[in-house]
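Here the structure comes first, spelled out in structure tokens, and everything after it is commentary.
One-based numbering along the sequence shown.
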Amino acid sequence: MKMVSTSIAMALASVVADAGPSRANSMMKTENTEQTSQAVTNPYIGMWVTGDGQIRQELLANGRYDEARGQRKSAYQGRYEVTGNHIDYWDDTGFTADGKFVDDVLYHGGMIFYREK
């Protein structure tokens, strides 16, 4: 399975390389447009905080998040994607998680986050 994935990745890299810089730039612009599109339609952007204030998770407009824990700023960072009221997280270290927004409250990882006002 890993060999197939590596082969596909190499083939895609070859296509991008053969397409030249303008094609690669076009592909990056498409990716950025998709992230911007998410930001426009995502009503959950902003700071979310646990009731005790110990965990603060900021959902950024570019599809990234930054989570602070206690005095430790940027304890976790990664990307997120919102579909309806469901959120999926992909931490930069490879950790994945999800959550759900219900009545402007975020339920994630056994914790409850409230929108910072």
Determine, for D92 against R64, whether the closest basic-nitrogen to carboxylate-oxygen distance falls under 4.0 angstrom. yes

Indicate whether the side chain of Y80 and that of Q57 have a donor and an acceptor atom separated by less than 3.5 Å. no

Go through it in stages, so that I can follow the logic: the residues are D88 and V82, the test is side chain to side chain contact (heavy atoms under 4.5 Å, CB included), and I'd like the CA-CA distance, side-chain angles, deciding distance and then a yes or no. CA-CA 7 Å; D88 288 299; V82 173; over 6 Å; no

Give the minimum heavy-atom separation between Q54 and D52, together with the two atoms involved. N-OD1, 2.9 Å

Do F113 and M111 come within less than 4.5 Å of each other through their side chains, counting heavy atoms only? yes

For E81 and W90 the tightest heavy-atom approach is CB-CZ3, 3.7 Å

Please answer: with hydrophobic residues joined when any side-chain heavy atoms are less than 4.5 Å apart, are Y114 and Y107 in the same cluster? yes

Is the shortest heavy-atom distance from the side chain of H108 to the side chain of K100 under 4.5 Å? no

Evaluate W48 against I55 for side chain to side chain contact (heavy atoms under 4.5 Å, CB included), listing each step before the verdict. CA-CA 8 Å; W48 295 84; I55 302 174; over 6 Å; no

State, yes or no, whether a side-chain contact exists between L106 and I112 at a heavy-atom distance under 4.5 Å. no

Suppose the criterion is salt bridge (Lys or Arg N to Asp or Glu O under 4.0 Å): which pairs have a residue in residues 66-78, not counting sequence neighbours? E67-R69

Examine distances only and state if a side-chain atom of T96 and a backbone atom of Y89 form a donor-acceptor pair shorter than 3.5 Å. no

For the residue pair F101 and Y44, is the inter-centroid distance of their aromatic rings smaller than 6.0 Å? yes

Here the pair of heavy atoms bringing L59 nearest to I45 is O-CG2, 3.3 Å

Once rounded to the nearest 0.5 Å, what's the spacing between atom NE2 of H86 and atom CG of D98? 4.0 Å

So which heavy atom on P43 is nearest to which on R115, and how close? O-NH2, 3.1 Å

